[in-house]
Amino acid sequence: MAIVVEGTGLTKRFGSGDATVVAVDSVDIRIEESELVMLMGDSGCGKTTLISLLGCILTPDDGELHIDGEPINPEVQDLSVIRREKIGFVFQLFHLLPYLTALENVMVAMDLARTKTTEAENRATKLLTQVGLSERFHHRPAQLSGGEKQRVSFARALANRPKIIFADEPTANLDSRQSDNLMSLIQELRQEHQTTIAIVTHHEGLKENADRVVQMKDGRILAT
Amino acid sequence: MKTLFLKDMRYRQARVILTTLGITVLISLILLLGGIMNGMRIQARQYVESTGADVWISAEGSGGAFIGFSMVVEEYMAFLNSGPGLVPDSASPLVFAQARPTVRGKSTKAIVVGYKLGQLGGPKSVLEGRMFTRSNFEDYRPEDPVPYEVVVDEKMGLEIGEQITLSNEKVRVVGKAKSLMFVLDTPLLFMDVRIAQKLLLGNTPHVNMMIAKTNKSDQPAQIASDLDALETIEVRTLKQTLTDIIAYYVDEPMKAVQFLRVMLWLAAGILVGMITYVTMLEKTQEIGVLKAIGGSNGYVMGLLLKQVVLISTVGVLLGLILSYVFAAAAPIFVAIHFVESIIVACISFIVCCGSGYLAARKAIAVDPMIAFRGEI
Ligand SMILES: Nc1ncnc2c1ncn2[C@@H]1O[C@H](COP(=O)(O)OP(=O)(O)O)[C@@H](O)[C@H]1O
Ligand SMILES: [Mg+2]
């Protein structure tokens with residue numbers, strides 16, 4: 001299996017002097033194609049920091065990162081290009097644009113990548129139908145439930161056919177029924193798109209959906 | 001999606017409209033103030049130019065006609081009628097004095113222009129009624145009876161036959177002349193020079209100035225400077241007189257207004273910058289998310305700038321239109337100079353866009369990590 005994301009010796013520190021926090025400490029991690037990895041650990045152990053590093057939102061202080069086989073060099077590369085072409089994000093707080101409908105929120109991701117509007121609309125329609133929101137195309141985020149918003153987020157994350165989706169606590173703001181529905185949706189989407197997904201969660205109950213669980217503690221990955 | 005920025009603006013309608021209106025009002029005020037000053041300049045020139053005089057002769061040390069206090073005795077100026085370079089017998093006495101006539105029971109500001117019919121200094125004909133009766137003597141003879149008659153500016157709204165009071169004397173309106181309002185809509189009252197002397201200059205043989213035409217073949221500047229060399233008089237060309245009068249009546253007193261215009265510009269810039277900035281602060285999370293999901297700085301900047309440019313364009317254009325509406329409705333003469341108003345509009349547009357750009361540049365510096373955190 002091809003390796004989609006590979007980090008070696010990834011380290012990220014925040015603050016300086018006595019107040020320095022090593023949020024991610026020499027982490028080695030590989031994620032293979034089509035894999036569903038769950039990243040678990042106590043609050044503050046560095047999960048979000050780690051996926052931000054892997055998702056090219058943060059740049060590491062130390063270590064190397066390869067995505068889709070290519071080395072990432074923030075000094076010479078515009079990371080926003082990598083983010084929009086290779087990576088999808090799902091956030092705990094959904095972060096849909098309030099002034100756009102569900103359909104437009106999915107289209108925006110493609111607009112960033114300069115996809116033609118008609119093409120983007122077709123794909124957004126298809127994706128929203130897949131996530132079960134064919135009745136909600138023209139609803140604004142304020143008119144959608146938490147579960148529906150998170151489905152729109154997944155559709156948006158899939159829009160540019162990313163190599164990997166990083167989801168940070170996607171179920172944390174959902175009730176258990178909504179979160180079960182979302183997990184089954186994620187399974188369906190994997191079937192359909194063979195997408196690689198890394199999910200950060202502290203819901204022990206979601207473990208069973210994962211191909212692999214990575215445990216973190218104090219910025220390090222525990223041996224499995 | 002070309003309309004993304006429009007959707008964002010529609011979502012924040014109230015703020016967009018308020019910002020636009022803010023710009024509109026400020027720009028129209030800037031233009032209106034410019035129009036008032038331009039109107040004053042036009043009014044400062046129009047009477048002086050209408051006389052057809054080429055040189056303006058005032059008392060030595062007065063600083064020029066219209067500027068300082070100038071009194072000359074007409075008889076002593078007789079030499080001008082054969083003056084070098086001057087059209088023979090073109091030298092005309094002129095009283096130009098501020099007055100407060102009582103018009104329909106109300107004390108009103110006006111300028112009395114006393115001149116000799118048939119000579120330089122005032123209209124040769126009227127639009128309505130007739131010219132005032134010409135005094136039939138050439139020398140100053142206060143004891144001679146002369147009918148107190150005045151030709152008024154058509155815009156004063158007075159009727160022929162009405163009487164106004166000037167220096168406690170009743171003066172009859174006999175004609176209306178084409179409007180030649182002086183600065184700040186001050187109407188001109190045209191009358192025979194003898195009556196003006198009698199009513200306003202304390203019955204003295206003085207006039208305020210002499211005006212004359214120069215020979216076509218000569219340079220007015222040369223003639224003026226030759227005459228100016230004489231001990232008792234100051235002589236200026238038409239051009240110098242206009243420069244003096246505009247500086248004295250418009251530019252100097254309006255310095256504060258000029259300053260105010262610059263301040264209004266500043267206010268417009270700060271308004272757009274501030275509102276853009278506050279809007280951006282509110283949008284920090286959205287901007288962060290757009291960046292996190294792969295929006296380049298250029299993309300986000302484009303989104304914000306399109307809004308700034310649209311708001312500035314609409315605000316400035318409405319301001320331009322509104323200034324013309326204000327100008328038409330203003331109680332004083334306002335003449336917005338078209339080219340100037342376009343230039344001012346362009347500068348205002350640049351000021352608004354510039355400050356919006358500065359705010360936007362600050363806003364796009366947001367860390368996309370914010371998307372992972374719930375803060376703000
Ligand atoms: N921008 C930051 N500045 C300072 N400290 C930070 C910053 N981001 C994260 N941290 C710290 O890094 C550690 C890991 O944070 P995080 O990755 O958010 O943990 P988790 O997602 O596992 O809860 C925490 O101690 C947190 O306080
Ligand atoms: Mg976290």
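Just so we're on the same page: letters track the sequence lines, and every chain starts at 1.
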Query raised in the report: Do you know which two heavy atoms are closest between R84(A) and S296(B), and how far apart they sit?
Result: NH1-N, 3.6 Å
**Report entry** Per-residue contact mode, I51(A) against chain B (heavy atom under 4.5 angstrom)
**Finding:** side chain
**Report entry** Among R156(A), M110(A), E85(A), residue most engaged with chain B (heavy-atom pairs, under 4.5 Å)
**Finding:** R156(A)
Requested in this report: Go through the atoms of P98(A) and report whether side chain, backbone, both or neither lie under 4.5 Å from a heavy atom of chain B.
Outcome: both
Query - OG1 on T3(B) to CG on D111(A), rounded to 0.5 Å - result: 9.0 Å
Query raised in the report: Hey, what do you get for OG1 (T48(A)) to CE (M369(B)), rounding to the nearest 0.5 Å?
Result: 6.5 Å
Query raised in the report: Taking every heavy-atom pair that is under 4.5 Å apart, which of D8(B), V289(B), I293(B) has the most such pairs with chain A?
Result: D8(B)
**Report entry** Within 6.0 Å of NZ in K163(A), more than 12 heavy atoms from elsewhere
**Finding:** no
Query raised in the report: How close do L112(A) and G294(B) get, heavy atom to heavy atom, and via which atoms?
Result: CD1-C, 3.9 Å
Query raised in the report: Between Y11(B) and Y99(A), what is the ring plane arrangement, given parallel below 30°, perpendicular above 60°, and tilted in between?
Result: tilted
Requested in this report: Might you confirm whether atom OH of Y357(B) has over 12 heavy atoms from other residues, nucleotides or ligands at distances under 6.0 Å?
Outcome: no
**Report entry** Residues, nucleotides or ligands: over 12 heavy atoms within 6.0 Å of Q258(B) CD
**Finding:** yes
Requested in this report: Please look at R10(B) and chain A and tell me whether the side chain, the backbone, both or neither of the residue comes under 4.5 angstrom of a heavy atom of that chain.
Outcome: neither
**Report entry** Greater than 12 external heavy atoms within 6.0 Å of K362(B)'s NZ
**Finding:** no
Report task. Report yes if some heavy atom in the side chain of L97(A) is under 4.5 Å from a heavy atom in the side chain of L290(B); otherwise report no. Result -> yes
**Report entry** Heavy-atom donor-acceptor pair, H95(A) side chain to A371(B) backbone, under 3.5 Å
**Finding:** yes
Query raised in the report: Once you round to the nearest 0.5 Å, how far does CG of L100(A) lie from CG of L4(B)?
Result: 5.5 Å
**Report entry** Residues from residues 114-149 of chain A approaching chain B under 4.5 Å (heavy atoms)
**Finding:** R114(A), T117(A), R140(A)
